[in-house]
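Everything numeric in this text was worked out from a predicted model, so none of it was measured. Order of the sequence lines sets the chain letters (A, B, ...), proteins ahead of strands, with each chain counted from 1.
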There are 2 protein chains.
Amino acid sequence: MEKKTENKLGAIRLSPQRRLILEEVMGTKKHPTADVIYRNVKHKLPNISLGTVYRNLESLSENGYIQRIDTGTGPRRYDGDTRPHAHIRCTSCDSLEDLPEKNLLEKFLLRELKTDYYIQEVIIEIRGLCPECQQSDIPEDIRQNPLQVEP
Amino acid sequence: MEKKTENKLGAIRLSPQRRLILEEVMGTKKHPTADVIYRNVKHKLPNISLGTVYRNLESLSENGYIQRIDTGTGPRRYDGDTRPHAHIRCTSCDSLEDLPEKNLLEKFLLRELKTDYYIQEVIIEIRGLCPECQQSDIPEDIRQNPLQVEP
DNA sequence: AAACTTAATAGTAATCATTACTAGAAACTT
DNA sequence: AAGTTTCTAGTAATGATTACTATTAAGTTT
Ligand SMILES: [Mn+2]
Ligand SMILES: [Mn+2]
Ligand SMILES: [Zn+2]
Ligand SMILES: [Zn+2]
């Protein structure tokens, strides 16, 4: 007979650590890094180790509960939203947000794509300056030119 | 009066090392990593150091002669083609190729994009299995599902 | 419930890619 | 020729991630 336990998450166990990490990733739209998650989660579970955070981010994403974001520079980031969607990253403050346009992938890319690859994932990352960073920060002469579309 | 020297590349000098690295990146479509470039270039210039390779890949890309590819997993890759274009990566053998569709970015993405970011770069990476890896390699049960477009 | 088996953890060590540093060489400027 | 700047080889340091190890917790079988 099957044990009545609430501590199961599909194929894997839901330890307190794993639950907390999952909640942390699900509960923000900021696409945090392992390190950020570690620091936040440590408030509630002071003995948790960074290795545990990495291990669980790995198992959670392998089992489809969260998404790894392997784009761009800097440390890897994680996303509680597992639906395929594109991101926009600020090249100055390195913030990472969802693109407002949903289904960008399906709408444009996949239909047009002719390839003999067996396609598993489409990654789209836009890079630029967020509104805040446009104002204050970067001198014109070291600022990259914006991309233009010919009319 | 200005010295007549062939060893200039815009703002930077064209040392033998830098020239060789540039030729190496320009001369392949394989999007090599710093390490691969280092090994290849070492045949002609056995004393070159890995640090020199990194430093020059940096200066060459900063000055717009080559392109850094900061997408995906694993070590950074470089591209002699500086035009914006999308790539497709095999999740099994990790090969990285240009997508046959050119101007994918301009055609689809930029026109549709409504954002208050100052856009500098659009990165598109498709991931999947290359034709070779589809055949032999990966057991069905660990193979990711392909992406589908609803009709 | 006791014994067994498996999964998960904290803590730490190891690895890998990249960056930083340093002293010397080469190129350019005066 | 002397001075200034850029570049180099070699090596050290860093930062993110992965691997390892001994221990604990959970689940299973008897
Ligand atoms: Mn997201
Ligand atoms: Mn390319
Ligand atoms: Zn910003
Ligand atoms: Zn392949």
So does A:Arg76 get a side-chain nitrogen or oxygen closer than 4.0 Å to the phosphate oxygens (OP1/OP2) of D:dT18? yes
Expressed in angstrom and rounded to an integer, what is the separation of B:Ile21 atom CD1 from D:dC7 atom C1'? 11 Å
For A:Arg39, check salt bridge (charged side-chain N to carboxylate O under 4.0 Å, His left out) against everything at least two apart and list the hits. A:Asp35
I'd like to know if the side chain of A:Gln134 reaches the main chain of B:Asp116, judged simply by a donor and an acceptor atom lying under 3.5 Å from each other, with no hydrogens or angles considered. yes
Under the 3.5 angstrom rule, does the side chain of A:Glu24 hit a backbone N or O of A:Val41 as a donor-acceptor pair? no
If you measure only the distance, is there a donor-acceptor pair under 3.5 Å linking the side chains of A:Gln67 and A:Ser61? no
Among C:dT18, D:dG10, C:dG11, the one nearest any side-chain atom of B:Pro75 is C:dT18
Output the rounded distance in Å from CD1 (A:Ile48) to C1' (D:dT24). 15 Å
Donor-acceptor pair, B:Asp79 side chain versus B:Asp81 backbone, under 3.5 Å? yes
Between C1' of C:dA17 and CG of B:Asp70, the distance in whole Å: 13 Å
Gap between atoms CG and P, on B:Leu60 and D:dT8 respectively (whole Å): 10 Å
Can you tell me how far C1' of D:dT17 sits from CD1 of A:Ile37, to the nearest Å? 14 Å
Does a salt bridge link A:Asp70 with A:Arg76, judged by any charged N lying under 4.0 Å from a carboxylate O? yes
Judged by nearest nucleotide, the residue sitting upstream toward the 5' end of DNA chain C, B:Thr33 or A:Leu45, is A:Leu45
Can you tell me how far C1' of C:dA26 sits from NZ of B:Lys8, to the nearest Å? 14 Å
Assuming nearest nucleotide by heavy-atom distance, tell me which of B:Lys42 and B:Ile12 is located more 5' along DNA chain D. B:Ile12
Using atom types as modelled and distance alone, determine if a side-chain donor or acceptor of A:His31 lies under 3.5 Å from a backbone N or O of A:Arg77. no
Please work out if B:Gln17 contacts a base, only the sugar-phosphate, or nothing of the nucleic acid, heavy-atom cut-off 4.0 Å. sugar-phosphate
A:Tyr38 atom OH is separated from D:dG15 atom C1', nearest whole Å, by 15 Å
Answer with base, sugar-phosphate or nothing: what part of the nucleic acid does A:Asn56 contact at a heavy-atom distance below 4.0 Å? sugar-phosphate
Over how many whole Å does the gap from A:Asn47 atom CG to D:dT24 atom P extend? 13 Å
At under 4.0 Å between heavy atoms, what does B:Thr52 touch on the DNA or RNA strands: base, sugar-phosphate, or nothing? base
Would you classify A:Arg55 as touching base, sugar-phosphate or nothing, given that sugar-phosphate means primed atoms plus P, OP1 and OP2, and contacts are heavy atoms under 4.0 Å? base
Phosphate oxygens OP1/OP2 of C:dA8: is one of them under 4.0 Å from a side-chain N or O of A:Arg18? yes
Ignoring backbone atoms, test whether B:Ser15 places a side-chain nitrogen or oxygen under 4.0 Å from the OP1 or OP2 oxygen of D:dT8. yes
The helix from C:dA1-D:dT30 to C:dT30-D:dA1: angle between end helix axes, five pairs per end, rounded to 10 degrees: 20°
Candidate nucleotides D:dG27, C:dA27, D:dT17, ranked by approach to the side chain of A:Arg13 - the nearest: D:dG27
On the nucleotide C:dT19, are OP1 or OP2 found under 4.0 Å from the side-chain N or O atoms that B:Tyr54 carries? no
Just by distance, no angles: are the side chains of B:Arg18 and B:Ser15 close enough, under 3.5 Å, to form a donor-acceptor pair? no
